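Heads up: the structure comes next, in structure tokens.
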Amino acid sequence: MHEFAWFAREYPRAYRHHMECAEFRINTIAKLYAELHRELVARLDADDSLLELAQSDIRVKKIYWDFESFLCEIGIALDLLARIVGVAYKHEMPPGFSRFCRKEISDDPFSALFRAAQERWVNRMKEYRDCFVHYTPADTQLSIRLVRRARGYETRCKVPINPNERDITRFRFPRSIDLLRYAISLRRNMRAFDKA
């Protein structure tokens with residue numbers, strides 16, 4: 001009972017800690033986006049060619065550092081959630097999210113919920129996390145830029161559409177993928193998963 005009481009207290013607390021840390025990271029990214037957007041727009045009057053800041057500006061690096069941290073925090077929270085949900089089963093369950101999803105359990109709502117999340121958004125998030133953390137840091141191609149749109153300028157940080165590549169020269173950066181938009185989408189998915 002003592003061990004269970006410790007588990008019941010500590011794992012949910014650790015889970016919330018990592019969820020709060022992910023929230024902190026995305027808020028930091030959004031603030032840096034806003035700051036750099038204002039600065040770049042102000043410079044446009046003097047020089048229309050200055051539409052991009054690269055990694056020589058430490059704030060650009062901070063966006064990518066926070067993004068990497070954000071991905072890791074979501075990954076840690078998912079693993080902790082698998083541990084928390086695992087106590088609902090009579091037999092021992094795997095302690096990590098991916099291994100929990102591989103466990104075959106028929107007619108189980110938790111298992112179905114985890115697998116659906118894995119297919120919809122978790123696998124992609126883990127591809128980005130693995131790319132930046134283990135294989136190919138994008139530190140030579142970091143930038144934030146203003147993109148002209150019909151309604152004005154939009155600030156965008158690029159992330160590769162193909163994070164599974166292990167060679168940075170093969171990364172493709174379409175305009176349709178933006179770091180902050182992806183992070184917001186990921187946060188929305190994680191919040192819905194947490195609530196479910």
Side-chain angles (χ1 to χ4, degrees), residues 6-33 60-89 92-105 108-139 141-142 157-168 171 173 177-196:
W6 178 88
F7 177 90
R9 181 183 70 243
E10 293 303 315
Y11 277 101
R13 186 184 62 77
Y15 170 70
R16 290 291 163 213
H17 167 79
H18 290 286
M19 290 290 286
E20 288 170 1
C21 187
E23 191 68 24
F24 171 80
R25 296 295 179 192
I26 199 169
N27 287 334
T28 304
I29 292 168
K31 287 176 188 172
L32 284 167
Y33 257 66
V60 174
K61 285 185 175 182
K62 285 180 180 180
I63 287 172
Y64 285 90
W65 291 337
D66 280 330
F67 179 63
E68 205 173 291
S69 220
F70 172 76
L71 295 174
C72 288
E73 293 300 335
I74 295 292
I76 292 167
L78 288 167
D79 286 341
L80 285 168
L81 195 54
R83 283 181 173 248
I84 293 166
V85 170
V87 299
Y89 296 89
E92 188 174 342
M93 292 297 285
F97 182 87
S98 295
R99 291 191 320 197
F100 182 96
C101 290
R102 285 194 297 265
K103 192 86 168 179
E104 291 295 328
I105 307 166
D108 176 54
F110 287 127
S111 182
L113 181 68
F114 272 59
R115 279 197 197 99
Q118 185 181 41
E119 289 175 21
R120 278 200 312 272
W121 60 273
V122 173
N123 282 339
R124 183 67 164 174
M125 181 274 303
K126 287 189 174 198
E127 288 172 1
Y128 277 115
R129 189 203 58 203
D130 290 349
C131 170
F132 296 131
V133 174
H134 298 301
Y135 301 109
T136 316
D139 63 349
Q141 299 187 33
L142 310 181
C157 282
K158 60 187 179 179
V159 288
I161 195 168
N162 53 339
N164 283 334
E165 289 294 339
R166 301 299 179 239
D167 179 353
I168 200 167
F171 281 165
F173 299 96
I177 304 290
D178 170 61
L179 185 147
L180 182 58
R181 283 188 183 186
Y182 175 72
I184 290 169
S185 167
L186 187 54
R187 178 181 65 176
R188 191 178 306 120
N189 284 321
M190 185 63 194
R191 282 180 171 175
F193 184 63
D194 176 64
K195 187 175 180 182

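Because only heavy atoms are used, hydrogens play no part in the values below, and waters and symmetry mates are left out as well, while side chains stay in. Everything numeric here is computed off the predicted structure, so don't read it as measured data.
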Please tell me if the side chains of [X] and [Y] come closer than 4.5 Å, counting only heavy atoms from C-beta onward.
{"X": "Phe132", "Y": "Pro160", "result": "yes"}
{"X": "His18", "Y": "Leu80", "result": "yes"}
{"X": "Trp121", "Y": "Ile74", "result": "yes"}
{"X": "Phe171", "Y": "Asn162", "result": "yes"}
{"X": "Thr28", "Y": "Lys62", "result": "no"}
{"X": "Arg191", "Y": "Arg187", "result": "yes"}
{"X": "Phe67", "Y": "Cys157", "result": "no"}
{"X": "Gln118", "Y": "Lys126", "result": "no"}

[X] side chain to [Y] main-chain N or O, any donor-acceptor pair under 3.5 Å?
{"X": "Tyr33", "Y": "Leu180", "answer": "yes"}
{"X": "Arg166", "Y": "Asn164", "answer": "yes"}
{"X": "Arg129", "Y": "Cys72", "answer": "no"}
{"X": "Asp108", "Y": "Ser111", "answer": "yes"}
{"X": "Asn27", "Y": "Glu23", "answer": "yes"}

Once you round to the nearest 0.5 Å, how far does [atom1] of [X] lie from [atom2] of [Y]?
{"X": "Ile29", "Y": "Ile26", "atom1": "CD1", "atom2": "CD1", "result": "6.0 Å"}
{"X": "Arg181", "Y": "Ile184", "atom1": "CZ", "atom2": "CD1", "result": "8.5 Å"}
{"X": "Leu78", "Y": "Phe114", "atom1": "CG", "atom2": "CZ", "result": "7.5 Å"}
{"X": "Glu10", "Y": "Ile84", "atom1": "CD", "atom2": "CD1", "result": "11.0 Å"}
{"X": "Lys103", "Y": "Glu92", "atom1": "NZ", "atom2": "CD", "result": "8.0 Å"}
{"X": "Arg25", "Y": "Ile63", "atom1": "CZ", "atom2": "CD1", "result": "13.5 Å"}

Using 30° and 60° as the class limits, which term best fits the ring planes of Tyr182 and Tyr128: parallel, tilted or perpendicular?
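Ring orientation, 0 to 90° scale: tilted.
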
Nearest non-hydrogen partners of Ala77 and Met190, listed with the distance
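So the minimum-distance heavy-atom pair works out to CB-CE, 4.0 Å.
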
What are the two closest non-hydrogen atoms of Cys131 and Pro163, and how far apart are they?
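Result for this residue pair: CB-O, 3.2 Å.
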
Could you check, using the six-membered ring where one of them is a Trp, whether Phe24 and Phe70 have ring centers closer than 6.0 angstrom?
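They do not qualify: ring centres at least 6.0 Å apart.
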
